[in-house]
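To start, the structure itself, in structure tokens.
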Amino acid sequence: MLPDAFDVGPVRIAPNLLLAPMSGITDSAYRALLKDLNPGAIGLVVTELISVEALARRDRRTFQMVRFRERERPLALQLFGAEPERMAEAAAIAQDLGADIIDVNCGCPAPKVTRKGGGAELMRRPAVLAAILRALRRVLSVPYTVKIRAGWDEGSRNAVEIARLAEGEGAAMVAVHGRTRAQLYAGAPDWELTARVKQAVRVPVVGSGDITTADGALARLRTSGVDGIMIGRATLGYPWIFREIAARRRGLPLPPVSAAERLASVPPPWLA
Ligand SMILES: Cc1cc2nc3c(=O)[nH]c(=O)nc-3n(C[C@H](O)[C@H](O)[C@H](O)COP(=O)(O)O)c2cc1C
């Protein structure tokens with residue numbers, strides 16, 4: 001039997017299908033739309049990455065970015081930053097705003113993020129990541145999680161070590177996008193490495209990368225052994241994918257999507 005739910009601390013993730021964070025895309029309107037198109041079939045949504053500096057200085061635009069609708073719950077608010085005290089300050093604000101989970105971005109490849117020590121750069125600075133997680137533990141009562149890549153580059157595929165470190169510092173879930181920072185979005189995500197991360201820790205592990213069909217999603221769950229999967233880009237042209245997965249896992253045929261619903265969407269180039 002494939003697992004169909006898991007817990008992040010006290011937060012039940014059911015089903016174990018997550019909407020991946022996508023900067024500039026997964027705002028509240030997008031997340032709520034996906035929940036509406038996939039009733040009961042998305043277990044967790046994650047905000048776009050939010051700057052701790054901007055949140056901590058109570059920047060107005062950033063406060064608008066972190067607003068969410070009640071029907072999005074459970075919701076993880078993803079932060080990026082590099083300075084432990086600042087992270088803690090912003091995480092406390094995010095918790096007060098009602099986030100169910102605080103996620104630390106350890107995967108963003110953008111130079112404007114990594115140059116300042118955040119995103120994927122944290123995978124090269126495990127001591128800083130540990131200090132950040134310790135700072136979060138001090139101020140949070142909601143669970144905190146990390147989203148990582150395979151590593152920085154071919155020479156440092158340290159996802160297993162980083163996942164162990166995060167677990168040791170109290171992270172309640174690890175999400176893995178199995179590409180290195182150097183790969184950006186090229187090449188194939190390494191699901192074998194993601195499976196090794198799953199074997200290495202006791203907290204739930206969620207896999208991410210190149211899931212584009214319902215049957216492909218179930219195959220990933222089966223072969224990698226992860227507790228859950230995340231889908232990002234495929235939702236752009238195929239926003240019903242979660243309800244299709246929910247149907248396929250019950251052995252049902254793909255639920256019909258009306259022609260009008262389909263016509264309202266244009267497939268993204270990587271699905272064409
Ligand atoms: C446009 C875009 C923006 C993204 N923004 C974020 C982000 O803010 N935080 C994050 O952790 N991952 C981000 N990602 C990575 C995705 O969450 C996901 O791990 C990756 O795209 C692989 O999954 P997919 O093939 O299902 O899209 C982004 C990806 C894309 C394509």
Side-chain angles (χ1 to χ4, degrees), residues 16-28 30-31 34 38 42 44-52 54-55 62 65-66 75-82 90 94 99 101-114 118-123 129 132 144-151 159 162-163 166 171 173-191 193-194 197 205-214 216-221 224 226 228-242 244-245 267-271:
N16 54 351
L17 312 173
L18 289 71
L19 175 62
M22 288 186 289
S23 175
I25 297 170
T26 55
D27 59 9
S28 176
Y30 191 86
R31 298 186 306 257
L34 266 279
N38 297 276
I42 300 180
L44 182 70
V45 298
V46 189
T47 68
E48 333 171 43
L49 79 179
I50 302 291
S51 158
V52 297
L55 195 57
T62 305
M65 282 175 80
V66 294
L75 171 128
L77 196 151
Q78 189 186 69
L79 297 174
F80 76 94
I101 294 169
I102 306 298
D103 184 60
V104 177
N105 181 308
C106 307
C108 180
K112 73 173 183 205
V113 171
T114 58
E121 180 68 22
L122 287 175
M123 296 195 70
L129 177 59
I132 286 172
Y144 51 93
T145 59
V146 294
K147 181 159 179 285
I148 67 177
R149 279 185 173 247
I162 294 293
M173 179 187 98
V174 177
V176 186
H177 173 203
R179 290 186 174 92
T180 63
R181 188 268 170 189
Q183 281 180 291
L184 301 173
Y185 294 90
D190 186 345
W191 279 86
L193 177 59
T194 303
V197 172
V205 171
V206 168
S208 164
D210 289 11
I211 292 175
T212 56
T213 64
L218 293 176
R220 283 301 182 206
L221 276 171
S224 69
V226 291
I229 48 144
M230 250 181 196
I231 306 178
R233 289 169 294 176
T235 66
L236 283 163
Y238 190 35
W240 314 276
I241 188 167
F242 295 101
E244 296 198 349
I245 300 168
W270 54 86
L271 285 180

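What you see is a predicted model; the values in this text were computed from it and never measured. Residue numbers start at 1 and run along the sequence shown. Values reported hereafter were calculated over all heavy atoms of this structure, with side chains retained and with hydrogens, waters and symmetry mates removed. Remember, it's 1-based here, ligands and their atoms both numbered in the order they're listed.
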Exercise for review: List, ordered by chain and residue number, the protein residues whose closest non-hydrogen atom lies under 4.0 Å from any atom of ligand 1.
Suggested key: A20, P21, M22, S23, I25, L49, Q78, N105, K147, H177, Y185, S208, G209, D210, I231, G232, R233
Check your understanding: In this structure, which one of T26, V66, L75 forms a side-chain contact (heavy atoms from CB on, under 4.5 Å) with T47?
Key -> L75
Check your understanding: Any Lys/Arg nitrogen of R220 or D210 sitting under 4.0 Å from an Asp/Glu carboxylate oxygen of the other?
Key -> no
Taking only residues two or more places apart in sequence or in another chain, which ones pass side chain to side chain contact (heavy atoms under 4.5 Å, CB included) with [X]?
| X | value |
| --- | --- |
| L218 | L2, L221, R222, I245, R248, R249 |
| A54 | S51, R57, D59, T62 |
| A90 | V52, L55, L79 |

Point to revise | Stacked cation flag R31 on F242, 6.0 angstrom / 45 deg | key: no
